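Keep in mind that this is a model prediction, so the values were computed, not measured. Convention: sequence-line order gives letters A, B, ...; per-chain numbering from 1.
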Amino acid sequence: MKEPLAKAYDPHGMEDRIYDKWLKNKYFHAEVRKDKKPFSIVMPPPNITGKLHMGHALDNTMQDILIRFKRMQGYEALWQPGTDHASISTEVKIIEKLKEEGTSKEELGREGFLRRAWAWKDEYGGIIESQLKKLGISCDWDRKRFTMDEGLSDAVNEVFIRLYEKGWIYKGAKMVNWCPVCQTTISDAEVEHETQNSHLWHIKYPVIGTDRFLEFATTRPETMLGDTAVAVNPEDDRYKDLVGKSCMLPFMNREIPIIADEYVDMEFGTGVVKITPSHDPNDFEVGKRHNLEFINIMNDDATINENGGRFAGLTRMEARKRIVDELREMGLLVKIEDYSHEVGIHDRCHTTVEPLVKQQWFVKMEDLIKPAVSGVKNKDIKLIPPRMEKLYFNWTDHIRDWCISRQLWWGHRIPAYYCDACGEIAVGKEKPDKCPKCGAEKFTQDPDVLDTWFSSALWPFSTLGWPKRTPELEYFYPTSVLVTGYDIIFFWVIRMAFSGYEHMGERPFDAVLFHGLIRDEKNRKMSKSLGNGIDPLDIIDKYGADALRFMLVTGNSPGNDMRFLYDRVEAARNFANKVWNASRFIMMNLDGHSITKPEAADLEDTDKWILNKLFLAEKEITENLEKYELGVASQKIYDFVWDSFCDWYIEMVKPRLYQSGDENSQSAALWTLKTVLLDSLKLLHPYMPFVTEEIYCNLRQELADESLPESIMISSWPIPTDQWVFEKEVFMVEAMKNAVRSIRNMRNEMNVAASKRIDVTVVSENPSVREAFEKESMIFASLISGDKIEIASDKTGISDGAVSCVTQDATIFVPLNELVDLSEEKKRLEKEKARLEKELARSHGMLSNEKFLSKAPASKIQEEKDKLASYEKMMAEVEERIRSCK
RNA sequence: GGGAUUGUAGCUCAGCUGGGAUGAGCGUUCGCCUCACACGCGAGAGGUCACGGGUUCGAGCCCCGUCAAUCCCACCA
């Protein structure tokens with residue numbers, strides 16, 4: 001026999017060659033085709049600073065599986081790729097690089113810096129694309145976009161202007177999160193919280209005109225330099241008489257009023273709070289309510305400024321230490337307590353965020369968010385798994401206005417212009433010629449850029465051409481499903497949701513499929529700082545992309561974190577090898593034969609059995625994929641291919657190929673092998689695109705079948721037909737399988753050498769069971785290493801020395817004569833009896849329960865009765881066998 | 001302070017919105033280089049489905065509580 005495939009599956013060399021072929025043939029490309037139904041996914045754009053990590057690998061594998069599945073199903077499947085400019089991350093990286101070169105952003109100036117940034121993007125921005133290609137993903141590279149390309153920048157400006165004109169974007173002085181290291185504002189979503197062990201400093205201020213002091217506790221003593229009041233609860237009897245008086249602020253010698261405000265909790269500490277309106281969000285509100293003075297005591301790098309008197313120039317921490325020391329000397333420090341509390345830190349650089357009052361641009365969220373909330377509530381957008389709705393609503397319910405301006409250079413510059421003469425603001429795509437207010441002609445554009453998520457929020461429609469009404473937008477929007485991690489729900493998913501409703505009047509996607517995080521073998525998050533990340537490219541290099549892909553989506557469910565285990569990659573690789581070798585076997589046997597579809601009558605029971613299994617697999621796998629249950633589907637493919645097809649059917653088919661000499665039987669077997677293989681490859685293709693393509697192309701050549709498409713990825717998804725439902729044959733083959741298992745078990749327990757051929761007599765009173773064994777006796781013999789197979793309707797003539805196996809459908813006798821140790825045989829049967837006793841007890845228990853009989857559905861009761869009958873029969877048989885062992 | 005998730009075989013996890021846990025991989029035991037595959041084949045052992053209540057004819061699955069682990073959110077100084 002000729003060997004069309006190498007002996008072992010080896011992904012090396014195969015994958016790049018195949019990917020190039022796909023690209024060359026433009027199989028990934030989607031067009032507007034009115035005769036087909038669209039299916040579309042937008043790829044979460046990786047950062048241009050990014051390097052492929054396991055998260056990307058998982059995310060993109062899932063999308064690719066869905067896209068390939070839908071493409072094969074006949075949808076016009078668009079997978080829209082692209083990259084994100086990642087404003088702050090990229091800028092930070094470039095600044096680092098500049099520092100290495102001994103220069104800086106300031107030295108280059110804005111224009112010079114941006115030139116550098118674009119050059120950087122050209123150099124590094126494509127790396128991730130080439131890495132993604134190694135995964136085999138089939139996105140439409142011809143359509144790739146970049147958040148700062150011309151069209152998308154236009155969309156950003158359009159949105160900004162629309163929202164501004166609507167009054168939903170405004171500029172104002174508010175308390176914002178300020179990162180002193182990155183020197184920019186950040187949004188609430190970018191603030192992480194970290195528990196820090198610190199102290200609670202108890203301090204007292206003298207009350208002017210009395211000999212009393214007001215004692216309070218603070219976690220940030222240094223902010224006292226900006227105190228403009230001390231507050232108590234209006235109901236607090238301890239301090240009622242002091243409200244309206246003033247305290248003397250140490251160091252600053254400033255008189256600050258004692259005010260009453262409900263915000264103060266009487267139960268906490270002494271019931272007194274110092275108020276620093278410029279440096280604390282709560283105090284900011286109190287300050288506004290009471291018309292307090294707002295004194296900013298900090299520079300942008302979080303050192304104390306001139307408003308901090310002689311502490312000016314110190315860092316936050318230095319100032320804290322000096323102030324505490326001096327208060328102690330002055331006798332104003334009462335005590336220091338240990339205290340642990342949550343501190344806001346910047347998610348990029350982990351610097352403690354400083355709440356500051358700044359003039360910034362904000363998006364008003366109150367109305368904008370509404371459709372995004374109701375959209376999810378009424379399932380216009382479906383979240384998978386549904387529990388993600390709680391996370392989603394937790395954010396929308398507490399949403400605050402979105403601070404969108406960043407004091408950075410790399411990004412979309414805010415389309416707002418200020419009249420140099422009168423300060424009038426003009427928002428528009430172009431710089432205005434003349435100030436509408438004062439007529440002056442000089443304008444300066446706002447120096448800030450937009451939050452990077454401002455542009456990604458528009459991704460589902462901006463990539464399709466919006467604000468132009470392109471045919472693509474018309475056809476592919478709303479997109480079908482968004483695949484992403486739950487960690488990005490606040491940053492991105494919600495913002496796409498409200499942007500879609502606001503600008504398109506429609507949801508951006510029908511469903512969001514969430515996946516979890518990938519953790520290392522010790523269940524830790526993979527992170528740069530821990531250095532425990534596993535490089536997907538290393539895995540691909542070692543095991544192949546197919547193995548990695550299969551491993552990533554098998555055995556886990558939406559939204560759940562998963563652990564990365566090498567064992568599992570290996571198992572996936574072994575599966576690829578299994579498929580490879582099964583194909584190799586089939587192709588070796590196909591050799592030279594022309595395959596034609598057999599007459600129904602020529603199909604044997606075992607053929608019908610596997611076809612019926614295939615039918616069920618196709619039906620279920622298709623349903624699972626349609627419900628986005630990727631892990632369940634892959635498990636079913638694995639089980640079908642390995643267990644049903646390889647371990648059973650291929651073994652059952654061998655004697656027909658090798659020894660029968662019956663041409664009709666052989667040709668039916670070959671056709672069935674080919675048919676099941678072809679469909680299996682298709683079912684597996686979305687998961688393991690490379691190995692399936694390689695086998696498919698070889699198979700196609702082997703078959704010389706021109707009607708098969710030249711690539712499996714453009715072939716059609718198997719449509720299960722109930723022509724392949726064969727109840728009777730399935731029953732008979734299952735009866736044979738039970739017998740085979742039972743006999744093999746017996747052989748092992750009785751220590752019958754694997755090479756020893758045995759004679760068996762199958763006794764069954766069921767004529768169709770007898771018929772099945774009769775018909776399949778050659779296969780049966782082959783599976784059990786049998787020699788002579790006899791079929792009988794009763795036990796007459798069975799020799800006493802025989803070992804027996806009792807199955808539901810038959811009793812099988814194996815005369816082992818000299819080999820049989822009767823006490824062993826008895827022990828074996830007793831074990832079987834014990835098992836049956838347990839089953840009988842359970843079954844009896846249920847069926848003697850009046851309530852079960854009156855309330856359970858009839859079908860359930862019947863099912864249970866049938867089981868009982870079968871157990872009783874087997875029990876009688878086993879008991880009889882035991883008796884005969886004497 | 002709120003909320004979520006997880007707790008199933010030695011390990012890592014599935015378990016289709018209640019109906020026998022023949023669940024998967026790895027590991028383990030026994031036997032096999034059987035002409036597709038040792039990245040393999042056959043046969044086993046191994047689980048009071050965290051604990052305590054409840055609903056139900058029936059609960060791994062639903063409800064309540066407890067414990068443990070993980071994570072998210074939050075402006076109590």
Provide, to the nearest angstrom, the distance between the [atom1] atom belonging to [X] and the [atom2] atom belonging to [N].
| X | N | atom1 | atom2 | result |
| --- | --- | --- | --- | --- |
| A:Asp10 | B:rC37 | CG | P | 17 Å |
| A:Gln196 | B:rA74 | CD | P | 16 Å |
| A:Arg835 | B:rA45 | CZ | C1' | 16 Å |
| A:Phe575 | B:rC26 | CZ | C1' | 17 Å |
| A:Asn745 | B:rA45 | CG | C1' | 12 Å |
| A:Glu749 | B:rG44 | CD | P | 7 Å |
| A:Met388 | B:rC73 | CE | P | 13 Å |
| A:Arg842 | B:rC57 | CZ | P | 19 Å |

Report the relative orientation of the aromatic rings in [X] and [Y]; use parallel for angles under 30°, tilted for 30 to 60°, perpendicular for over 60°.
| X | Y | value |
| --- | --- | --- |
| A:Tyr339 | A:His341 | tilted |
| A:Phe550 | A:Tyr687 | perpendicular |
| A:Trp642 | A:Phe575 | parallel |

Report yes if a side-chain nitrogen or oxygen of [X] is closer than 4.0 Å to either non-bridging phosphate oxygen (OP1 or OP2) of [N]; otherwise report no.
| X | N | value |
| --- | --- | --- |
| A:Asn574 | B:rG40 | yes |
| A:Lys7 | B:rC37 | yes |
| A:Tyr566 | B:rC26 | no |
| A:His193 | B:rC73 | no |
| A:Ser557 | B:rA14 | yes |
| A:Arg563 | B:rC13 | yes |
| A:Tyr649 | B:rA36 | no |
| A:Asn577 | B:rG40 | no |
| A:Lys525 | B:rC71 | no |

Under 4.0 angstrom, heavy atoms only, what part of the nucleic acid is [X] near: base, sugar-phosphate, or nothing?
| X | result |
| --- | --- |
| A:Trp395 | sugar-phosphate |
| A:Glu651 | base |
| A:Ala754 | nothing |
| A:Tyr638 | sugar-phosphate |
| A:Asp567 | sugar-phosphate |
| A:Pro355 | nothing |
| A:Ile275 | nothing |
| A:Gly555 | sugar-phosphate |
| A:Asn560 | sugar-phosphate |
| A:Val632 | nothing |
| A:Asp561 | nothing |
| A:Lys867 | base |
| A:Tyr871 | base |
| A:Asp265 | base |

Margin query: Return whichever of A:Asn581 or A:His341 has its heavy-atom-nearest nucleotide of RNA chain B closer to the 5' end.
Written below: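 Nearest nucleotide further toward 5': that of A:Asn581.
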
Next item on the list: Name the residue closer to the 5' end of RNA chain B, choosing between A:Ile586 and A:Glu192 according to the nucleotide with the nearest heavy atom.
Entry: A:Ile586

Item checked: A:Lys654 NZ/CZ over A:Phe585 ring centroid, <6.0 Å and within 45° of normal -> yes

Counting only Watson-Crick or G-U wobble pairs whose two distances fall under 3.5 Å, which nucleotide matches [N]?
| N | answer |
| --- | --- |
| B:rG1 | B:rC73 |
| B:rU12 | B:rA24 |
| B:rU56 | none |
| B:rG18 | none |
| B:rA43 | B:rU29 |
| B:rU48 | none |
| B:rU6 | B:rA68 |
| B:rA36 | none |

Measuring from the side chain of [X] (C-beta onward, heavy atoms only), which nucleotide among [options] has the closest atom?
| X | options | answer |
| --- | --- | --- |
| A:Ala856 | B:rC75, B:rC37, B:rC57 | B:rC57 |
| A:Arg573 | B:rA74, B:rC39, B:rA43 | B:rC39 |
| A:Gln635 | B:rA24, B:rG42, B:rA43 | B:rA24 |
| A:Lys654 | B:rG42, B:rA43, B:rA36 | B:rA36 |
| A:Leu565 | B:rA14, B:rA77, B:rU12 | B:rU12 |

Check: Got more than 12 heavy atoms from elsewhere within 6.0 Å of CD, A:Gln659?
Finding: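 It does: A:Gln659 CD has more than 12 such atoms within range.
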
Check: Is A:Glu620 salt-bridged to A:Lys636, cutoff N-O under 4.0 Å?
Finding: yes

Checklist line | Distance-only side-chain donor-acceptor flag, A:Asp866 / A:Gln862, under 3.5 Å | finding: yes

Item checked: Heavy-atom side-chain proximity of A:Asp561 to A:Tyr486 below 4.5 angstrom -> yes

Check: Can you tell if the side chain of A:Glu694 reaches within under 4.5 Å of the side chain of A:Trp580, non-hydrogen atoms only?
Finding: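 A side-chain contact under 4.5 Å exists here.
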
Check: Can you find a donor-acceptor pair, distance only, under 3.5 Å between A:Asn748 side chain and B:rG42 base?
Finding: yes

Check: Only one of A:Met746, A:Glu832, A:Arg744 forms a side chain to side chain contact (heavy atoms under 4.5 Å, CB included) with A:Cys805, so which one is it?
Finding: A:Met746

Detail all sub-3.5 Å separations between protein N/O atoms and N/O atoms belonging to nucleotides 1-4 of chain B.
none

